[in-house]
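Worksheet: one structure, shown below.
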Amino acid sequence: MQKEYKTITEISGPLVFAEVDEPIGYDEIVEIETPNGSIRRGQILETSSSAVAIQVFEGTSGIDKNSSVRFLGETLQMDLTEDLLGRVLSGAGDPIDGGPPIEPELQRPIVGSAINPYSREYPQEFIQTGVSAVDGMNTLIRGQKLPLFSASGLPHNDLALQVARQATVPEEGDGDDGDDTEFAVIFAAMGITQEEANEFMDDFERTGALERSVVFMNLADDPAVERIVTPRLALTTAEYLAFEQDYHVLTIMTDMTNYCEALREIGAAREEVPGRRGYPGYMYTDLASLYERAGRIKGQEGSITQLPILTMPSEDITHPIPDLTGYITEGQIIVDGALNSQGVEPPVDVLPSLSRLMDDGIGEGFTREDHGDVADQLYAAYAEGNDLRDLVNIVGREALSERDNRYLDFADRFEEEFIQQGFDTNREIEGTLSIGWDLLSMLPPEELNRVDEEFIETYYREDERAEVEAEA
Amino acid sequence: MSKATDTDVQEDGLIESVSGPVVTAADLDARMNDVVYVGDEGLMGEVIEIEGSETTIQVYEETSGISPGQPVESTDAPLSVDLGPGMLDTIYDGVQRPLDVLEEQMDSAFLDRGVDAPGIDLEQTWEFTAEVEPGDEVEAGDIVGTVPETPSIDHKVMVPPDSEGGEVVRAESGEFDVEETIVKLDTGEEVSMHQEWPVREARPADEKQTPTTPLVSGQRILDGLFPLAKGGAAAIPGPFGSGKTVTQQQLAKWADADIVIYVGCGERGNEMTEVIDDFPELEDPTTGNALMDRTCLIANTSNMPVAARESCVYTGITIAEYFRDMGYDVALMADSTSRWAEAMREISARLEEMPGEEGYPAYLAARLSEFYERSGYFKNSNGTEGSVSVIGAVSPPGGDFSEPVTQNTLRIVKTFWALDADLAERRHFPAINWNESYSLYRDQLDPWFEENVNDEWSTTRQWAIDTLDEEDELQEIVQLVGKDALPEDQQLTLEVARYLREAWLQQDAFNDVDTYCEPAKTSGIVSAIKSFNDEAFDALDAGVPVEEITSVEALPRLNRIAVQEEWESYIEELEGDIAEQTRELY
Ligand SMILES: Nc1ncnc2c1ncn2[C@@H]1O[C@H](COP(=O)(O)OP(=O)(O)OP(=O)(O)O)[C@@H](O)[C@H]1O
Ligand SMILES: [Mg+2]
């Protein structure tokens, strides 16, 4: 039915150029058959009346000028059905779990369409992750996109898994069927190692989460260009489950750094003028086309919450990958090397971390009336204590005022008691806030200028203060 | 822009090639910047280059599946906006399609392609009151009548800027839709409420004046230290998460402009939703009406087509100029101009133009200054005065201000609000760095503040600046030797400066009271801190140790003034208490 072309003129990196004599649509899928019969899929990057540029997902090795090219006349689609839950697919969307083939209920183009901003519903529901550094200081909201900024060798996966395991949305009333608040998890792996993949899969299997998950696996030794489609397949699935099947979906995408490397590789092969540090100038737009596929829609039950993970090259937050991500996502959680060496679990540095949707999702009716003030005050006090650490290294504790010493102690205890909790502890928000008050009560009440006086009255712990005074 | 209003569409070209948002067509008979419809689905595009028989088009919608050989039609009209009543309380995309209408027509929450809608409702009728009579002479720009558009705003219907003018032969009050003739001239020209104007061309105005009135923002650090003038231009650069959007939204909420145009350019969808949700509920502090009644939103979020991102700032500024022509003070926020610049870069790269600095096209600086030049305080040709103030957010990669967009912007704007990641990390908001920021309007606005707020406005401010400067110098020493090693008077200065930072410069956008601070309160807080300062130094001179002074019980209440609704009596009592308690020490 489709015409076959044996007109390849050039093969360069992940790209193949071919001549054509009929109009080929931009973005459409292509199949290339090598002389030994293997089939590679690709996508049209550029089309003109006489030639096309094709980006090949599965790598170009083995393709030669005698390979034949077929144009399928449609853009890349994802096969969708609720039965995807519990399945493990390759990074290109094919089942790899030995299960039956997917019988699609419908298909959707994987590039997706932008959500009309007018149709969005502003995300406001508090997700309790049971992690104080998140719940207390950088609250995750249903429908938010909140990445983990980490570095290789740090336990970001443990944190992501802890969040996936523990995340619930406290329902009003008794909520005896906890079912509604449970998330369906979409897991998109891009270029991670087999070992890391096992970490996730073992946890999913151990906790039974797999049943409510769809896994897309592109591993380190899988083709790099495939990583361009993996998150799009995952997000198309997420949109289907959220907005057509009413699920609350938590999408974990790891490692976005590998995704961006693949993008850079294609850019280089096209001989584009590179942007900052060799990454394409359109990387912001490209990343946005993934991250913006999160949120809530008016009148719809379901939601998509995104938890992308990226490893910052040399822990540099100004590197284009974390930088452009931070400009798009609604905050970031920083996994920090220094805290990790101190043995803090999870090693979250709250100061550069941020949840932009926090302000509207906490407080009375959501978490607790004093939450916002407590978080602000903890931030201010920890920042002050943390600043003093440099000074203390120079002049010593004795040269500092009593006030300064108290802030130093505060910073230490904040890390040891508030942030530190272990990857298996699930803290209720009440518990998190109460540790917060224990710590704030180290400081005299008049220092708590971010906290409403009423809340100081209710929650301030005179006994803690007395203890600290006695020690001093 | 509306296909709906353009009738004579003719088929004339064929697509040659497609590469993302850039399409080339052969044999298209179109002029530069003409709007064209591309492909079988009629995607909207604009001509951006003509070379021989080949025309290059940037397409405002997704181009997936579009192939060579499909038709291209020209509208023979440049990219324009529809102007008339019905633009306020509306949210548009980057080419002025109302997003609520698109939702309805597409019957989906997701944006589809090939759907068009006029920028203003062509069927809705409005109550027009004529202000001219037969026999009156009118010229281009003259106001011929008004329409109550929203509870806040009377829409002034004007003779189009390109009209020859003439004598009014008919002028009717009554209910009309925007296309009907409401005034007829002896030249035969018929004036309706609907105008169109090409977005890339500034609307004409008589002359630009030196602005002398502040755009009062209700934000202490802005009004108090770095004020913007009505008709001025400001840039607000900062790394991600430092507070550009919150500041822009604060201005959109509380600035004393008549009209607010908020352009979300390549940023987050949820931020636009937040505005749509919040603004109808919030009251304009001057008129008491819903804020949405004076607001027009333009949203091209980061995942919407990149070419429409390039055009959205022009759509915004053209609408702003139109309201300026009516004699209104308009404030336009563009968040973020960096995304606009990146859209230019992306299109330019597809055109294989010679790249300039960091890949941006060589015309980046020119485009930026053309845009900011459209701000200003103007004398309009119809005798009214109106202004367009522009506040542009800048998102420098890695937060490094030395990059081309920040640098080129700073060469043009006179107000610079530098956001600082360090301040944001310690949750000092707004995270505007008081050492780096500046406003060149300060001196020309002082008389206004002195007349309307406090006659010591500039002297108190200078005292605050000096104190903060001194703190900055002292901090460097403290970093080496600790605070206790400083002489007592310097320790006291540090304490006073801390109150300036915490009680005055910090302002919580999310606190119901603190979110808006009238200039008198801004001035009241700094005066309260200054009176503490004066009391404290008297006590120090009298030999009271600094610890005792800074432990005065009333002092922490300085930090609570900001959240008091009854701040006047609160300050009065507090100043009294501080004076009394300090004097008791000696
Ligand atoms: N005036 C303020 N009062 C209280 N909180 C603020 C204020 N300004 C900023 N913030 C806090 O900082 C966060 C980030 O601010 P904002 O979203 O404006 O950053 P941004 O500079 O626009 O970042 P991006 O470039 O990524 O869009 C907010 O979500 C809010 O928590
Ligand atoms: Mg922003």
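Please read these numbers as outputs of a predicted model, since none were measured by experiment.
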Toward chain B, the part of A/D359 with a non-hydrogen atom under 4.5 Å: side chain

Side chain, backbone, both or neither: which part of [X] has a non-hydrogen atom closer than 4.5 Å to chain A?
X      : value
B/P556 : side chain
B/R557 : neither
B/R309 : side chain
B/Q506 : side chain
B/S395 : both

May I ask you to list the residues in residues 339-349 of chain B that approach chain A closer than 4.5 angstrom, counting heavy atoms only, ordered by number?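 Answer by number: B/R339, B/E342, B/R345, B/E346.
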
Please rank [options] by heavy-atom pairs under 4.5 Å with chain A and give me the top one.
options                        : result
B/A424, B/G398, B/S338         : B/G398
B/E274, B/R268, B/E16, B/K483  : B/R268
B/N270, B/L297, B/L102, B/D508 : B/N270
B/V481, B/V563, B/V306         : B/V481
B/A503, B/S64, B/P68           : B/P68

Applying ring pair (Phe, Tyr, Trp, His ring centres under 6.0 Å) to B/Y360 and not counting sequence neighbours gives none

So, A/N116 side chain and B/L99 main chain: donor-acceptor pair closer than 3.5 Å or not?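 Yes, A/N116 side chain to B/L99 backbone: donor-acceptor pair under 3.5 Å.
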
I'd like to know if the side chain of A/Y327 and the backbone of B/P396 have a donor-acceptor N/O pair within less than 3.5 Å.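 Indeed, once roles are kept as given, a pair shorter than 3.5 Å links the two residues.
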
Considering residues at least two apart in sequence or located in another chain, which fulfil the side-chain contact (heavy atoms from CB on, under 4.5 Å) criterion with B/Q70?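 Residues passing side-chain contact (heavy atoms from CB on, under 4.5 Å) with B/Q70: B/I15, B/D40, B/I66, B/S67.
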
Please, which pairs that meet salt bridge (charged side-chain N to carboxylate O under 4.0 Å, His left out) have at least one residue in residues 395-405 of chain B, sequence neighbours excluded? none

